[in-house]
Number of protein chains: 2
Amino acid sequence: MDRLFHALADTTRRDILRRCVRGELSVSRLAEAYPMSFAAVQKHVAVLERAGLVTKRRSGREQLVRTDPDAVGRARQALDELESAWRGRVDRMARLLAEDPGTDENDTTEGPER
Amino acid sequence: MDRLFHALADTTRRDILRRCVRGELSVSRLAEAYPMSFAAVQKHVAVLERAGLVTKRRSGREQLVRTDPDAVGRARQALDELESAWRGRVDRMARLLAEDPGTDENDTTEGPER
DNA sequence: TTCATCTACAACCATTTGGTTGTACGTTAG
DNA sequence: CTAACGTACAACCAAATGGTTGTAGATGAA
């Protein structure tokens with residue numbers, strides 16, 4: 001979660017994500033687009049990879065970068081949960097679950113984070 | 001944008017946001033909840049404030065922290081745009097705008113960021 | 001007034017970040 | 001084979017981060 005948002009908190013990295021939307025791009029092709037060294041872009045891609053936002057696929061001597069379609073969805077879901085709390089939906093849901101002694105699996109109210 | 005995601009990229013800060021959902025909390029009240037100094041929490045609140053995620057209101061000698069309901073919406077919208085690009089919606093929209101010589105204000109295709 | 005509380009802010013420190021350069025290795029092209 | 005390309009990775013550096021302590025200013029309570 002920390003890594004996800006941290007990866008998104010950089011203009012270059014968000015731009016890399018946008019560029020990889022249309023299709024796979026090699027790291028060196030990406031590096032041409034930015035006023036920085038190849039190694040720097042390589043590091044940005046590594047950050048995105050550790051956050052699960054992109055995956056790399058080897059093709060010959062090139063390393064093709066592709067976005068993970070589900071990753072942004074996960075980030076959005078995290079914000080949705082935050083927004084739900086905002087609107088009090090979580091509280092009401094928790095209260096309903098408390099009254100109904102049914103299957104209460106997940107805990108959405110306590111602890112700083114999972 | 002950078003500041004927004006960076007503010008969200010920390011467990012303590014996300015937790016502060018959740019705690020301030022129900023109502024305003026003073027900084028010292030917040031500080032009691034975490035195993036760190038008052039000044040550290042103060043800094044976290046400052047980061048959230050610079051990102052526009054919370055606002056502070058003075059009440060006597062206390063400084064009450066409150067979440068900005070629209071802020072998470074803004075972050076979600078940013079992710080929505082990213083997700084739209086994923087799905088190619090932005091591209092099709094841009095193509096439509098290109099064919100229609102009408103009011104083409106925003107540029108969504110070039111540059112690293114706004 | 002005096003004291004305790006809440007806040008603000010500066011100074012400091014260790015670690016991380018974002019960038020650089022340089023070197024080494026696998027792969028493709030001539 | 002040799003040269004060029006794409007990548008990986010280490011070492012290094014300046015700046016930012018996340019934490020600390022200490023000091024000082026407002027405000028509320030005794």
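Per chain, numbering begins at 1; letters A, B, ... match sequence-line order. Just so it is clear, the values below take in all heavy atoms, side chains as well, and ignore hydrogens, waters and symmetry mates.
Atom pair B:R3:CZ and D:dT17:P shows a separation of 11 Å (rounding to whole Å applied). Remark: C1' of D:dT7 and CZ of A:F38 are 5 Å apart, rounded to the nearest angstrom. Rounded to whole Å, atom P of C:dT7 lies 13 Å from atom CZ of B:R57. Across the protein-nucleic acid pair, B:E24 atom CD and C:dC6 atom P stand 16 Å apart, rounded to whole Å. Atom pair B:Y34:OH and D:dG19:P shows a separation of 12 Å (rounding to whole Å applied). Taking atom CG on A:D2 and atom C1' on D:dG18, their separation rounds to 13 Å, with Å as the unit. The interatomic distance linking A:D10 (CG) with D:dA15 (C1') rounds to 14 Å, in whole Å. Summarising the geometry, the separation between CD on A:E62 and P on D:dA4 is reported as 18 Å, rounded to the nearest angstrom.
Checking B:L48, B:V41, B:V45 one by one against B:R13, the side chain to side chain contact (heavy atoms under 4.5 Å, CB included) holds for a single residue, B:L48. Put simply, the residue from A:R29, A:R58, A:R57 that forms a salt bridge (Lys or Arg N to Asp or Glu O under 4.0 Å) with A:E24 is A:R57.
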Open item on the list: For A:K56 and A:R66: C-alpha separation, side-chain torsions, deciding distance, then whether side-chain contact (heavy atoms from CB on, under 4.5 Å) applies.
Closed with: CA-CA 6 Å; A:K56 285 195 294 186; A:R66 184 187 45 167; over 6 Å; no
Open item on the list: Please evaluate residues A:I16 and A:V54 with respect to the criterion side-chain contact (heavy atoms from CB on, under 4.5 Å), reporting the C-alpha separation (whole Å), side-chain torsions for both, the decisive distance (0.1 Å), and the verdict.
Closed with: CA-CA 10 Å; A:I16 289 177; A:V54 304; 5.6 Å; no
TODO: Please report the C-alpha distance between A:M36 and A:H44 in whole Å, then the side-chain angles of each, then the deciding distance to 0.1 Å, and finally whether the side-chain contact (heavy atoms from CB on, under 4.5 Å) criterion is met.
DONE: CA-CA 11 Å; A:M36 65 184 74; A:H44 279 304; 3.9 Å; yes
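Between the A:S37 side chain and the A:A40 main chain, a donor and an acceptor come within less than 3.5 Å of each other.
The residue A:S26 sits close only to the backbone: its heavy atoms come under 4.0 Å of sugar-phosphate atoms, none of a base. Among the atoms of the strands shown, only primed sugar atoms or phosphate atoms (P, OP1, OP2) are found under 4.0 Å from some heavy atom of A:R13.
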Task: Protein proximity profile, nucleotides 24-30 of chain D - base contact B, sugar-phosphate-only contact S, no contact -, cut-off 4.0 Å on heavy atoms - done: ---BS--
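Closest to the side chain of A:Q63, out of C:dT7, D:dT7, C:dG18, is D:dT7. Among the nucleotides C:dA8, D:dG19, D:dT17, the one closest to the side chain of B:M36 is D:dG19.
Cation-pi geometry between B:R19 and B:Y34 is satisfied (NZ or CZ under 6.0 Å from the ring centre, within 45° of the ring normal).
With a 4.5 Å cut-off on side-chain heavy atoms, A:L53 and A:D68 do not count as touching. Residues B:L25 and B:L64 are not in side-chain contact: their nearest non-hydrogen atoms beyond the backbone lie 4.5 Å or more apart.
Regarding contacts with the backbone of D:dT7, a side-chain N or O of A:S28 is found under 4.0 angstrom from either OP1 or OP2. Contact between the side-chain N/O atoms of A:S37 and the OP1/OP2 oxygens of C:dT21 is not found at any separation under 4.0 Å.
Listed by residue number, A:A39, A:A40, A:K43, A:H44 are the residues of residues 39-49 of chain A with a heavy-atom contact under 4.0 Å to DNA chain C.
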